[in-house]
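Data block below; observations after.
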Amino acid sequence: GDHSLVTNVSGIYRISFQTHSHVRSNRQLQSLQLHLLHPISETQLRLGAENGAGIREISVEPTAHWEAKEAANFTDLKIYMPSTRQMSLKWRIVPRGSYIADEPGTESSPESQVEASVVHDILHSVDESILHTLHSFKYVLDSEQSLNKIEIHFPGRERITSVVAQGMTNWKSVPRSANATAKSGSVLQVAFKSSAISKEVVVLVTTELSTQHKKRLQLPTAHCQRVLRQSGTMAVVKLANIELHQEAASGAARLGIDQVPLHMSSKAGKPIILAYKFMAPTHAVDLSVIHHEEMSTLESVVDAALYKVLVVDDQVMHNLLLNLQNTQRQYMAVQGIDPDATIWTAKVNSVSSKLAIRDGQLLVPLQVAGGEAKSSVEIAWVQPLQLAAAGMVQLKPPRLDMPMAALSMEVWFPADYEVNFTTSLRQVEAYSQRQPSAVNYETGKEVVEKDFDFAFAPRAKRKDAGVQSKMPKAGSRWRFEQLLVVDGKADLKIAYHKPEAKTEGWLSYLSKVCNVF
């Protein structure tokens, strides 16, 4: 309540007073309840303490003023309080000399540190040779206050990789044993700002443990020190081609997958296969691990390819456009391009790229894309070719080191030749598959003024666009297509010849003349 000093004499006054507050916790305290027939406002009690122990953290309900006088094995307590018929007294027994209460500059002992209940949720991610673990420690306090410092013991051989907490100043991990080589685990010590006052504090700790293809795995645990209670859940996910089964469990019971807390299941990234609930930190879960041999899958595939060829009297122009998906490949190898050919254009995602050569193969740099993102590759080249009156031309599509789901081919040949095709492709009038198109993921970086009229904006110029090569069209056109082209098994040969010009004899000429007359 409010207190006022009223005086009718001017001067300087010194006011001395004492304030009493309730203890921050009811845990591990001795208690005494009094229910009386008649009210009292003053009483005297003697609190016994064996082996010279002291009395600390005295709390009286209703709020009262008390005086304590300590002796060898007891403490006399004199209490002044408002008139009441009910009184509650609580105190803590502390070994004498363990710490000096209320002395500035002294470090708090374990007994004087804040105690809390801990909700401990664990997410284990089992990989081929490493066990990744995420610990979530939620310290729940009775009231908003500073946590000051916490200590967590990790009895296993796991390595602490990161610690995240609101209001944390620093953290360190030290061996539990003085002998650093002993396999006794580690101790995590986390310090907080004194200004960080809260009723709940969440500490996230990540650890790593090498499993080295073990067939049996014991899931690591953690023990929070000087807490009233530690309970929580544990979830297990697998990141590799392995099979997990429970071998043994003590102190932990199976839990439904849907009962795993959302803040942990949302971090899993993979389906949870095992879940447990424990009521104490002294629990153990052993899993059997069955390793399976991984089977390689495609890292890249061409969804659609369009190969255009223009044949003229003395040279041939080629244009190859691909739409592909790529997850890991850095280069695509292209075979079948004549060494004497001149590369006109090489673009990846509509941006000019530089090709490389390895063992006679052209290497096209690719961009790794995740999800359903697609890339485009376009290559145009010209090579010399001399057409005779008759002969054969082989126009085999370039061979790629990745399969093609659909290949379309368009051939332009001089119209004054008669041609005959020998091919593994199917000749068509119109393509049955969707044709590839160039993609472009570049975005502009220009900044415009407010209320800018984009209708009159200049056309954006792409950087590194390179030479824009467009294949002309001349002669007669033929179309072909083939599905599922693997290992370059697509071929086309053209047998051509020029038809001889027909000459009329003199008898045919005279016959036509006579018919005229």
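Atom set for the values below is all heavy atoms of this structure, side chains included, hydrogens, waters and symmetry mates excluded.
- Side-chain contact check for Thr207 versus Phe154: some heavy-atom pair is nearer than 4.5 Å.
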Apply side-chain contact (heavy atoms from CB on, under 4.5 Å) to residues Val227 and Ser117 and explain how you reach the verdict.
CA-CA 6 Å; Val227 297; Ser117 296; over 6 Å; no
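- Here the side chains of Gln225 and Ile152 are not in contact, with every heavy-atom distance at 4.5 Å or above.
- A pairwise comparison of heavy atoms in Leu363 and Pro365 identifies O-CD, 3.7 Å as the closest pair.
- With sequence neighbours left out, Thr221 forms a side chain to side chain contact (heavy atoms under 4.5 Å, CB included) with Pro155, His223, His283.
- Salt-bridge check for Asp76 with Arg46: passed, with a basic side-chain N closer than 4.0 Å to an acidic carboxylate O.
- With 3.5 Å as the limit, one finds a donor-acceptor pair spanning the side chains of Asp121 and Thr233.
- With rounding to the nearest 0.5 Å, the separation of CD1 in Ile40 from CG in Leu36 is 5.0 Å.
- With hydrogens and angles ignored, the 3.5 Å screen pairs a side-chain donor or acceptor of Asp401 with a backbone N or O of Ala333.
- You'll find the side chain of Leu274 reaches within 4.5 Å of the side chain of Arg254, heavy atoms only.
- Between the side chains of Ser83 and Ser41, not a single donor N or O lies within less than 3.5 Å of an accepting N or O.
- Residues Gln33 and Ser88 have side chains that bring a donor and an acceptor to within less than 3.5 angstrom of each other.
- For CZ of Arg434, the number of neighbouring non-hydrogen atoms (other residues, nucleotides, ligands) closer than 6.0 Å is 12 at most.
- Considering every non-hydrogen atom in both Val439 and Lys374, the closest pair reads CG2-O, 3.9 Å.
- Note that CG of Leu209 and CD1 of Ile130 are 9.5 Å apart. Values are rounded to the nearest 0.5 Å.
- Residues Gln433 and Ser408 have side chains that never bring a donor and an acceptor to within less than 3.5 angstrom of each other.
- Side-chain atoms of Arg85 and His38, non-hydrogen and from C-beta on, never get closer than 4.5 Å to each other.
- A donor-acceptor pair shorter than 3.5 Å can be found between the side chains of Thr206 and Ser162.
- Ring geometry for Tyr139 against Phe137 counts as tilted: the plane angle lies between 30° and 60°, on a 0 to 90° scale.
- Residues Val202 and Ser136 come closest through the heavy atom pair CG1-OG, 4.0 Å.
- Of the N and O atoms on the side chains of Glu158 and Thr133, not one donor lies less than 3.5 Å from an acceptor on the other residue.
- Remark: Leu320 CG to Leu306 CG distance equals 8.0 Å, nearest 0.5 Å.
- A side chain to side chain contact (heavy atoms under 4.5 Å, CB included) with Met234 is found for exactly one of Val260, Leu219, Leu255, namely Leu219.
- In this structure, Ile272 CD1 and Leu123 CG are separated by 6.5 Å, a value rounded to the nearest 0.5 Å.
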Derivation of the side-chain contact (heavy atoms from CB on, under 4.5 Å) call for Ser300 and Met402:
CA-CA 7 Å; Ser300 55; Met402 60 182 68; 3.2 Å; yes
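- Within the 4.5 Å cutoff, side-chain heavy atoms of Val190 are placed close to those of Val163.
- With hydrogens and angles left out, the side-chain atoms of Glu67 and Tyr80 include no donor and acceptor closer than 3.5 Å.
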Show your reasoning for whether side-chain contact (heavy atoms from CB on, under 4.5 Å) applies to Met81 and Glu42.
CA-CA 6 Å; Met81 56 189 170; Glu42 179 181 342; over 6 Å; no
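- By the 4.0 Å N-to-carboxylate-O rule, Arg159 lies close enough to Glu208 to be salt-bridged with it.
- Summarising the geometry, atom CE belonging to Met404 is positioned 13.0 Å from atom CG belonging to Asn323; distances are rounded to the nearest 0.5 Å.
- The distance from the NZ atom of Lys199 to the CG atom of Leu147 is 14.5 Å, given to the nearest 0.5 Å.
- Residues Val377 and Val364 share a closest heavy-atom pair of CG1-CG1, 3.8 Å.
- Looking at Ser288 and His245, their side chains never bring a donor and an acceptor atom within 3.5 Å of each other.
- Remark: Tyr431 OH is packed, more than 12 non-hydrogen atoms of other residues, nucleotides or ligands lying under 6.0 Å away.
- A 4.5 Å side-chain heavy-atom check between Asn440 and Asn349 finds every atom pair outside the cut-off.
- Residues Lys238 and Asp127 are not paired through a salt bridge, judged by the lack of any N-O separation under 4.0 Å between the basic side chain and the carboxylate.
- Enclosure of atom CD in Gln166 is not indicated, since only 12 or fewer non-hydrogen atoms of other residues, nucleotides or ligands lie within 6.0 angstrom.
- Considering only heavy atoms from C-beta on, Leu244 comes within 4.5 Å of Val289 through its side chain.
- Shown here for Ala222 and Pro281, the closest heavy-atom pair between the two residues is O-CB, 3.8 Å.
- For the 3.5 Å distance criterion, the side chains of Asn326 and Glu299 fail to qualify, holding no donor opposite an acceptor.
- Here the side chain of Gln230 pairs a donor or acceptor atom with the backbone of Cys224 at under 3.5 angstrom.
- A heavy-atom distance below 4.5 Å is not found between the side chains of Leu298 and Arg329.
- Looking at residues two or more places apart in sequence or on another chain, you find no side-chain hydrogen bond (donor to acceptor under 3.5 Å, both in side chains) involving Thr43.
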When you look at Tyr331 and Leu366, which way does the side-chain contact (heavy atoms from CB on, under 4.5 Å) test go after all the steps?
CA-CA 5 Å; Tyr331 285 91; Leu366 300 179; 5.7 Å; no
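- Scanning all heavy atoms of the two residues, the minimum distance from Lys270 to Val237 falls at O-CG1, 3.7 Å.
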